Amino acid sequence: MQINILTLFPDFFKSPFESSMLKKAQERVDLEIKIINLRDFAQDKHHLTDEPPYGGGAGMVMKIEPIDLALESINVKKGQPNSKIILTSAKGRQFDHSTASGYSKLTEITIICGHYEGVDERVAEYLVDEEVRIGNYVLTGGEPAALVISDALIRLIPDTLGNSESLQEETHRETGITSYPQYTRPAVYQDWEVPNVLLSGDHQKINKWRAQQKKSLS
């Protein structure tokens, strides 16, 4: 899989993609992550990627031209098979486990990080396949959202995780259902005890208890 991230702040991604499971995934599976600096595609001498909005108003709006040229440089277009271009946007559809699962099956995904007051609406209309938000709140930029989306889909790529069973029992795999509680040693800590059933060795009883502990999200 190829993940392209178009951003005004490429340094934001250096540490996360060089740490923990995201680093191991790039070594373990067929995965390449490309961070593209949108400022490299600004056409004026000051490398401006934003302008005041037409009609007036607060803040600045990201320009369409650098985004379009950046997409052209990596040869991706809206509507290509096995590929998606997404824009992080507070008005996009809610990102969830099902969305991540679908993205993980693509051969290429391109994430455009919104910033400032917003992005020229023609980007959403003509250049991207869909707009996505990670929650009902506004971030200072789309970089945290792009990282969340990348992390969620990368861990679903086959062989990314050492133990595939981790994916079968985790929270949110079943829509609206949490996973069961987990415990480890010591069995007693400051008078706080692990449930006896987990120490019994009776896997039938353990599985029944775990099923009972799953909860629906409101």
Side-chain angles (χ1 to χ4, degrees), residues 1-18 21-23 25-43 47-50 61-135 139-158 160:
M1 167 177 274
Q2 173 81 36
I3 299 177
N4 309 306
I5 299 179
L6 279 56
T7 175
L8 296 172
F9 303 96
D11 287 347
F12 178 92
F13 297 97
K14 283 186 177 179
S15 178
F17 285 128
E18 294 175 0
M21 187 58 66
L22 294 181
K23 179 181 180 181
Q26 295 172 74
E27 300 168 349
R28 185 176 291 163
V29 300
D30 185 13
L31 171 67
E32 181 179 355
I33 300 172
K34 182 181 292 186
I35 309 299
I36 298 154
N37 189 344
L38 285 169
R39 297 183 198 278
D40 293 340
F41 299 90
Q43 296 299 290
H47 299 286
L48 291 178
T49 56
D50 62 295
V61 176
M62 287 179 65
K63 300 171 65 175
I64 186 173
E65 187 177 35
I67 295 173
D68 188 31
L69 292 174
L71 292 173
E72 185 178 313
S73 75
I74 55 175
N75 196 32
V76 295
K77 293 181 180 180
K78 177 180 178 179
Q80 288 179 321
N82 299 315
S83 172
K84 276 192 183 294
I85 303 173
I86 68 172
L87 171 65
T88 61
S89 170
K91 61 184 177 66
R93 76 181 180 105
Q94 177 73 56
F95 180 76
D96 58 17
H97 184 86
S98 176
T99 312
S101 180
Y103 287 169
S104 72
K105 297 175 175 63
L106 299 171
T107 56
E108 185 168 21
I109 184 166
T110 300
I111 307 172
I112 303 170
C113 300
H115 214 80
Y116 304 120
E117 187 64 21
V119 180
D120 188 307
E121 187 64 19
R122 289 170 291 184
V123 173
E125 290 178 351
Y126 302 111
L127 298 183
V128 308
D129 293 293
E130 57 190 45
E131 298 176 84
V132 174
R133 74 184 192 280
I134 61 169
L139 299 168
T140 55
E143 285 74 19
L147 185 57
V148 167
I149 292 166
S150 298
D151 186 292
L153 73 90
I154 287 171
R155 67 192 309 278
L156 295 176
I157 297 173
T160 294

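We use all heavy atoms of the structure for the numbers below, so side chains are in, but hydrogens, waters and symmetry mates are not. Because the structure is predicted, anything quoted here is derived from the model rather than measured.
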With heavy-atom distances below 4.5 Å as the criterion, would you say the side chains of [X] and [Y] are in contact?
| X | Y | value |
| --- | --- | --- |
| Glu130 | Val132 | yes |
| Ile86 | Asp129 | no |
| Met1 | Leu153 | yes |
| Cys113 | Phe13 | yes |
| Gln26 | Glu32 | no |

Measure the spacing between [atom1] of [X] and [atom2] of [Y] and express it to the nearest 0.5 Å.
| X | Y | atom1 | atom2 | value |
| --- | --- | --- | --- | --- |
| Ile33 | Phe17 | CD1 | CZ | 4.5 Å |
| Asp50 | Met62 | CG | CE | 8.0 Å |
| Ile111 | Ile85 | CD1 | CD1 | 11.5 Å |
| Leu31 | Thr160 | CG | OG1 | 7.0 Å |
| Glu108 | Asn75 | CD | CG | 8.5 Å |
| Asp151 | Leu156 | CG | CG | 9.5 Å |

So, for [X] and [Y], which heavy atoms are closest and what is the spacing to 0.1 Å?
| X | Y | result |
| --- | --- | --- |
| Ala124 | Leu87 | CB-CD2, 4.4 Å |
| Thr49 | Arg39 | CG2-CA, 3.9 Å |
| Val61 | Asp120 | CG1-N, 3.4 Å |
| Ile64 | Arg122 | CD1-CB, 3.5 Å |
| Glu18 | Lys23 | O-CD, 3.3 Å |
| Glu143 | Phe9 | OE2-CD1, 3.8 Å |

Q | Verdict with supporting geometry, Lys91 and Glu131, salt bridge (Lys or Arg N to Asp or Glu O under 4.0 Å) | A | CA-CA 7 Å; Lys91 61 184 177 66; Glu131 298 176 84; 2.8 Å; yes

Judged by atom type as modelled, is there a donor-acceptor pair below 3.5 Å linking the side chain of [X] to the main-chain atoms of [Y]?
| X | Y | value |
| --- | --- | --- |
| Ser104 | Ile157 | no |
| Ser150 | Ala146 | yes |
| Lys77 | Leu127 | no |
| Ser101 | Ser98 | no |
| Glu65 | Gln43 | no |

Q: Test Ile134 against Thr88 for side chain to side chain contact (heavy atoms under 4.5 Å, CB included), laying out the working first.
A: CA-CA 8 Å; Ile134 61 169; Thr88 61; over 6 Å; no

Q) So, Phe41 versus His47, ring centres under 6.0 angstrom or not? A)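 Not under 6.0 Å, so no.
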
**Q.** Ile3 vs Ile154, side chain to side chain contact (heavy atoms under 4.5 Å, CB included): CA-CA, chis, key distance, verdict
**A.** CA-CA 9 Å; Ile3 299 177; Ile154 287 171; 3.7 Å; yes

Q) Among Leu71, Ile5, Thr7, Leu6, which residue meets the side-chain contact (heavy atoms from CB on, under 4.5 Å) test with Ile36? A)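 So the option named by the test is Leu6.
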
Q: Please determine, by modelled atom types, if Asn4 and Thr110 share a side-chain donor-acceptor pair under 3.5 angstrom.
A: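 Asn4 vs Thr110: donor-acceptor pair found between side chains.
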
(Q) More than 12 heavy atoms of other residues, nucleotides or ligands under 6.0 Å from CD of Glu72: yes or no? (A)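 Count not over threshold, so no.
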
Q.
Could you check whether atom CG of Asp30 has more than 12 heavy atoms from other residues, nucleotides or ligands sitting under 6.0 Å from it?
A.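 No, not enclosed.
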
Q.
Quick one, Phe95 with Arg133, criterion side chain to side chain contact (heavy atoms under 4.5 Å, CB included). Give me CA distance, side-chain angles, the key distance, then yes/no.
A. CA-CA 6 Å; Phe95 180 76; Arg133 74 184 192 280; over 6 Å; no

